J.: 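The structure under discussion is supplied below as structure tokens; questions concerning it will follow.
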Amino acid sequence: MNERTTDPTQIDFKAKFDLSGKVIIITGGCGLIGRAFAEACAQYGANIVLADIEAADPAGKAKELEARHKRPMLGMTVDVAKKDSVNTLKEKTLEKFGRIDGLINGHQNKTNNFFQKFEEYGEDNWDAVVETNLKGTFLTCQVIGSYMAEQGRGSIINIPSTYSVVAPNQNLYKGTSLGCPAAYSASKGGVEALSQYLATYWAARGVRVNQITPHGVWNNHEEQFEKNFANFSPLQRMSYNHEVAGAAVYLLSDASSYVTGHNMLVEGGWTAW
Ligand SMILES: NC(=O)c1ccc[n+]([C@@H]2O[C@H](COP(=O)([O-])OP(=O)(O)OC[C@H]3O[C@@H](n4cnc5c(N)ncnc54)[C@H](O)[C@@H]3O)[C@@H](O)[C@H]2O)c1
């Protein structure tokens, strides 16, 4: 959508945000932020494909979404780190909807030993985090992004982290059981680099590749953590999953037709000072 005009009165700006008729795959779509992406995009008219592991019940969640919005949705059990599984995701989506317009990579692997100390971090633990977070994003971009490039249109949103932009302030975790493992930062740093690469690699083929960086999304966190967080945050509080979702609607819609290679920080100004 690139109307050749300098007259903004000819533009229906509201319609530009409309996602009706668009098919959007959301990996990790049953997670904290993934389900906010799904609900927001569904409210803007999209058909959603929830792609998540079996334990998250993507099929059941998709049925709920379908009933709420009275529009076909799809739930798929997927392991993003397995190419066969991602191929099946693409094929089943095309079988049901005949098109794919958007992809949000909202998956992450919080392993059992996720918060292990750096000095003791097990190789298996490191591999599991990097495999899901980074290789999983590579595979979905390769399989689904290549389809988009063939079609000459599509929008991809990858999710890195504040901790691929800056280092974690270790004081944030004082008095809590939480932390941020290096494997997470490193995997997300890779997601950021991959996204920038693909933004220019596919720009001429009509595929836009952007990123959303959420931060401190509240999920019944320990009280001490919430207090610490407020002290370090310019907006002095944690965020809510629904506050991240508007960025996805924008980046998937025609309203952002000239935006690619962008990392939209939804982090309350965390990296601004
Ligand atoms: N929550 C935050 O504050 C925050 C901050 C910055 C970045 N992020 C990033 O945003 C994204 C969403 O975060 P969240 O808080 O919703 O996480 P979450 O843990 O609630 O959701 C992640 C989802 O990914 C799914 N998943 C795990 N392994 C998978 C696999 N192999 N294949 C497919 N799906 C798989 C999980 O089942 C889960 O539903 C993640 O990439 C996360 O790193 C989150």
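Computed from a prediction, not measured in an experiment: that's the story for all the values here. Indexing begins at 1, ligand by ligand and atom by atom, following the structure's order.
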J.: List ligand 1's nitrogen or oxygen atoms that come under 3.5 Å of a protein nitrogen or oxygen, with the partner atom and distance.
T.:
| from | atom 1 | to | atom 2 | distance (Å) |
| --- | --- | --- | --- | --- |
| ligand 1 | 3 (O) | G216 | N | 3.4 |
| ligand 1 | 3 (O) | V217 | N | 2.9 |
| ligand 1 | 16 (O) | L32 | N | 3.2 |
| ligand 1 | 16 (O) | I33 | N | 2.7 |
| ligand 1 | 17 (O) | Q108 | NE2 | 2.9 |
| ligand 1 | 19 (O) | Q108 | NE2 | 3.1 |
| ligand 1 | 20 (O) | L32 | N | 2.9 |
| ligand 1 | 24 (O) | Q108 | N | 3.4 |
| ligand 1 | 31 (N) | D79 | OD1 | 2.9 |
| ligand 1 | 32 (N) | V78 | O | 3.3 |
| ligand 1 | 32 (N) | V80 | N | 3.1 |
| ligand 1 | 37 (O) | D52 | OD1 | 2.6 |
| ligand 1 | 39 (O) | G31 | N | 3.3 |
| ligand 1 | 39 (O) | D52 | OD1 | 3.3 |
| ligand 1 | 39 (O) | D52 | OD2 | 2.7 |
| ligand 1 | 41 (O) | H107 | O | 2.9 |
| ligand 1 | 41 (O) | K188 | NZ | 2.7 |
| ligand 1 | 43 (O) | Q108 | OE1 | 3.2 |
| ligand 1 | 43 (O) | Y184 | OH | 2.7 |
| ligand 1 | 43 (O) | K188 | NZ | 3.0 |

J.: May I ask you to check whether E39 and H69 show a side-chain donor-acceptor distance below 3.5 Å?
T.: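 Per modelled atom types, E39 and H69 side chains form a pair under 3.5 Å.
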
J.: Apart from I11 itself, which Ile, Leu, Val, Met, Phe, Trp or Tyr residues share its cluster (side-chain heavy atoms under 4.5 Å, direct or through members)?
T.: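 Result for I11 is F13.
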
J.: Quick one: list whatever passes side-chain contact (heavy atoms from CB on, under 4.5 Å) with S256, sequence neighbours left out.
T.: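 Residues passing side-chain contact (heavy atoms from CB on, under 4.5 Å) with S256: R208, Y250, L251, V259.
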
J.: Could you tell me whether a side-chain N or O of Q236 sits under 3.5 Å from a main-chain N or O of N231, the two making a donor and an acceptor?
T.: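 It does not hold such a pair.
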
J.: Please enumerate all residues that pass salt bridge (Lys or Arg N to Asp or Glu O under 4.0 Å) together with K96, with sequence neighbours excluded.
T.: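 Testing K96 for salt bridge (Lys or Arg N to Asp or Glu O under 4.0 Å), a comparison that skips the adjacent residues, returns none.
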
J.: Does one side chain, of Q142 or S146, offer a donor that lies under 3.5 Å from an acceptor on the other?
T.: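 No pair is found: no donor N or O on one side chain lies under 3.5 Å from an acceptor on the other.
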
